[in-house]
Visitor: 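What follows is a single structure, and I will ask about it in a moment.
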Number of protein chains: 2
Amino acid sequence: MEQRSAVNIANSLEQMIFDGTFADGDRLDEVRLAEQFGVSRTPLREALQRLESSGLVTLIPRRGAFVRQPGPLELLEMFEVMAELEAVCARLAARRMSDDALDELRLANTRCQAASDAQDTDLYYMENEKFHATIYRESGNSFLEQESLKLQKRLRPFRRQQLRLRGRMPQSLTEHEAIVEALTAGDSNAAANALRDHVNVQGERFQSLMAGLKAAAS
Amino acid sequence: MEQRSAVNIANSLEQMIFDGTFADGDRLDEVRLAEQFGVSRTPLREALQRLESSGLVTLIPRRGAFVRQPGPLELLEMFEVMAELEAVCARLAARRMSDDALDELRLANTRCQAASDAQDTDLYYMENEKFHATIYRESGNSFLEQESLKLQKRLRPFRRQQLRLRGRMPQSLTEHEAIVEALTAGDSNAAANALRDHVNVQGERFQSLMAGLKAAAS
DNA sequence: GTCAATTATTTTGTATACAAGATATTAGTT
DNA sequence: AACTAATATCTTGTATACAAAATAATTGAC
């Protein structure tokens, strides 16, 4: 692979937690992971500390490290916060956005369109993330930008699922149009509302998806 | 002190970074800190990984750990986000808040009043934090609550300074009144605006404080 | 005397060793 | 056969040892 420093190991483990290699509550065995990564326990433990600090694992003293996947309730809460964060980004961006940035945003949206036409959900997801990241950046507040990116990353696996739902990509696209329009007009309230709704739709879709799974399980 | 695990060491160092024991760019010497805490380098390094993960230090490979204090610009950005986060809390709380919680909020405000009367800025600060924390909690979104508490903690040292400014405590109190009123009325927009403004005042005060320092230095 | 190059000294990164606590296993009792 | 007690094994937490890189110091050339 690559060089295996604590940061790298942490990133790899993070990825594995995100993509579902580890389920909620799984214990992360230090010796096993250490030899798996080809390092000693020392750098591996440093990685575990990082992961706990970012909320991905729980460290129970003398017991070990346990992965902490967000449950349905926490996910809904995270979606709600994401929606509000993006709304704030949009409101700030509406005032500060340059013409060049607007062009960039339209270009990103065109790429989304192409992905949607090709029925390529993975590509759509990537381009969609760029679209949103552009708005974060154009908020002009880099702290806000970083926080938004962090949460975007954390919600990635769950957002991704929803794009596969029938008709979601075209709907998402029309919502993007409304967002671009509001930003072009410099209407901060409209932009904030459009983006908040856009993200909230995902939260709601997610909710109904969970309800469906729950019903199917009973 | 207490038991010196990685978490504890990280907390102690965090406190020291917050209260200004270390200035921006200071290198954190592993061996020196280790013997200072009475432990070996191993748990201390684990603590440093935690601190980097939470953004308090920068870890440069083969160079060491350097403390990262937010500069004036980043602080302003953080205040802006704090204001928006609290506004969201208020909006959600306005709908969900129970009578008991409202009473609790009024009680917290009464305690602020007492601290203000006694000219006790430290006490006022503590009670003020409780007032705000109650609103975070009453948002009904514990993820949002935790994020708000995290940022509140990080801004603590900088908010604190401003209470010493003449007339800030009484002004803060009247703003609290308006917030309680809006929450009582269940007016989510008014509550959100009142809280956003309340926090933004601190950001602006901070800005003028910085400008004053800068002017004095030239 | 100043600069460059070489050597010496720190300092970081990681492996390993060992102590103490937690879990699993076995033996013994009813 | 089931429950408890004692023992054994495994795992974590931390100290220490050592290699490699970075910094400081020293020497030598001009």
Side-chain angles (χ1 to χ4, degrees), chain A residues 1-70, chain B residues 1-70:
Chain A
M1 298 189 179
E2 348 144 36
Q3 46 164 340
R4 313 268 62 180
S5 64
V7 237
N8 271 308
I9 295 168
N11 286 339
S12 297
L13 286 173
E14 181 183 86
Q15 196 49 47
M16 291 165 93
I17 291 173
F18 283 162
D19 70 21
T21 305
F22 303 114
D24 183 56
D26 279 2
R27 182 169 140 272
L28 298 178
D29 192 82
E30 291 182 6
V31 287
R32 204 152 63 94
L33 288 173
E35 67 183 33
Q36 198 169 316
F37 283 114
V39 295
S40 80
R41 282 174 53 221
T42 312
L44 193 119
R45 280 178 57 88
E46 291 179 357
L48 291 179
Q49 295 286 343
R50 296 182 76 93
L51 292 179
E52 209 223 6
S53 178
S54 52
L56 285 142
V57 311
T58 312
L59 250 41
I60 303 177
R62 287 274 170 208
R63 281 248 145 74
F66 300 86
V67 326
R68 199 180 104 64
Q69 299 276 19
Chain B
M1 297 188 181
E2 347 143 38
Q3 46 163 341
R4 313 270 59 180
S5 64
V7 234
N8 270 309
I9 295 168
N11 286 339
S12 297
L13 285 173
E14 181 183 87
Q15 196 50 48
M16 290 166 93
I17 291 173
F18 282 163
D19 70 20
T21 306
F22 303 113
D24 183 57
D26 280 4
R27 183 171 138 269
L28 298 178
D29 192 82
E30 291 181 5
V31 288
R32 203 152 63 93
L33 288 173
E35 66 183 33
Q36 197 169 317
F37 282 114
V39 295
S40 81
R41 281 174 55 221
T42 312
L44 192 119
R45 279 178 57 88
E46 291 179 357
L48 290 179
Q49 295 286 343
R50 298 183 74 94
L51 291 179
E52 209 222 7
S53 178
S54 52
L56 285 142
V57 310
T58 312
L59 247 43
I60 303 177
R62 287 272 169 211
R63 280 251 148 69
F66 301 86
V67 326
R68 200 179 103 63
Q69 299 276 18

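Both backbone and side-chain heavy atoms feed into the values below; hydrogens, waters and symmetry mates do not. We name chains A, B, ... by the order of the sequence lines, and we start the count at 1 in each one.
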Visitor: Using heavy atoms and a sub-4.0 Å distance, could you list which residues of residues 56-65 of chain B are near DNA chain D? By number, please.
Guide: Arg62(B), Arg63(B)
Visitor: With sequence neighbours excluded, tell me which residues meet side-chain contact (heavy atoms from CB on, under 4.5 Å) with Arg27(A).
Guide: Asp29(A), Phe66(A)
Visitor: List the atom of Ala65(A), the atom of Leu59(A), and the distance in Å for their closest heavy-atom pair.
Guide: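 Distance-wise, the nearest heavy atoms are CB-CD1, 3.4 Å.
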Visitor: Please name the pair of heavy atoms, one in Ile9(B) and one in Ala47(B), separated by the smallest distance, quoted to 0.1 Å.
Guide: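 Of all heavy-atom pairs spanning Ile9(B) and Ala47(B), the closest is CG2-CB, 3.7 Å.
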Visitor: Can you name the closest pair of heavy atoms from Glu52(A) and Val57(A) and give their distance?
Guide: CG-O, 3.1 Å
Visitor: Can you tell me if Gln69(A) uses its side chain to pair, donor with acceptor, with the backbone of Phe22(A) under 3.5 Å?
Guide: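 At least one qualifying donor-acceptor pair exists.
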Visitor: With a 4.0 angstrom cut-off to heavy atoms of chain A, pull out the first and last contacting nucleotide of DNA chain C, in 5'-to-3' order.
Guide: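 Endpoints of the contacted stretch of DNA chain C: dT14(C) to dT23(C).
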Visitor: Could you check whether Arg27(B) gets within reach of a base, just the sugar-phosphate, or nothing at all, counting any heavy atom under 4.0 Å?
Guide: sugar-phosphate
Visitor: Return the residues of residues 40-49 of chain A meeting this criterion: a heavy atom under 4.0 Å from some atom of DNA chain D. Order them by number, or give none.
Guide: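 Within residues 40-49 of chain A, the residues near DNA chain D are Arg41(A), Arg45(A).
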Visitor: Measure from the side-chain N and O atoms of Ser53(B) to the backbone N and O of Gln49(B), and report whether any donor-acceptor pair falls under 3.5 Å.
Guide: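 No, the answer is negative, given that no donor and acceptor are paired below the 3.5 Å cut-off.
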Visitor: Given side chains that start at C-beta, do those of Val67(A) and Leu56(A) come closer than 4.5 Å, heavy atoms only?
Guide: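 Val67(A) vs Leu56(A): side chains apart.
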Visitor: Arg63(A): what forms a side-chain hydrogen bond (donor to acceptor under 3.5 Å, both in side chains) with it, not counting sequence neighbours?
Guide: none
Visitor: Taking all heavy atoms of Arg50(A) and all of Ala6(A), pick out the closest pair and write down the distance.
Guide: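 Shortest heavy-atom separation between Arg50(A) and Ala6(A) comes out as CD-O, 4.2 Å.
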Visitor: Please identify each residue that fulfils side-chain hydrogen bond (donor to acceptor under 3.5 Å, both in side chains) with Thr21(A), with sequence neighbours left out.
Guide: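 Per chain and number, Thr21(A) pairs via side-chain hydrogen bond (donor to acceptor under 3.5 Å, both in side chains) with Asp19(A).
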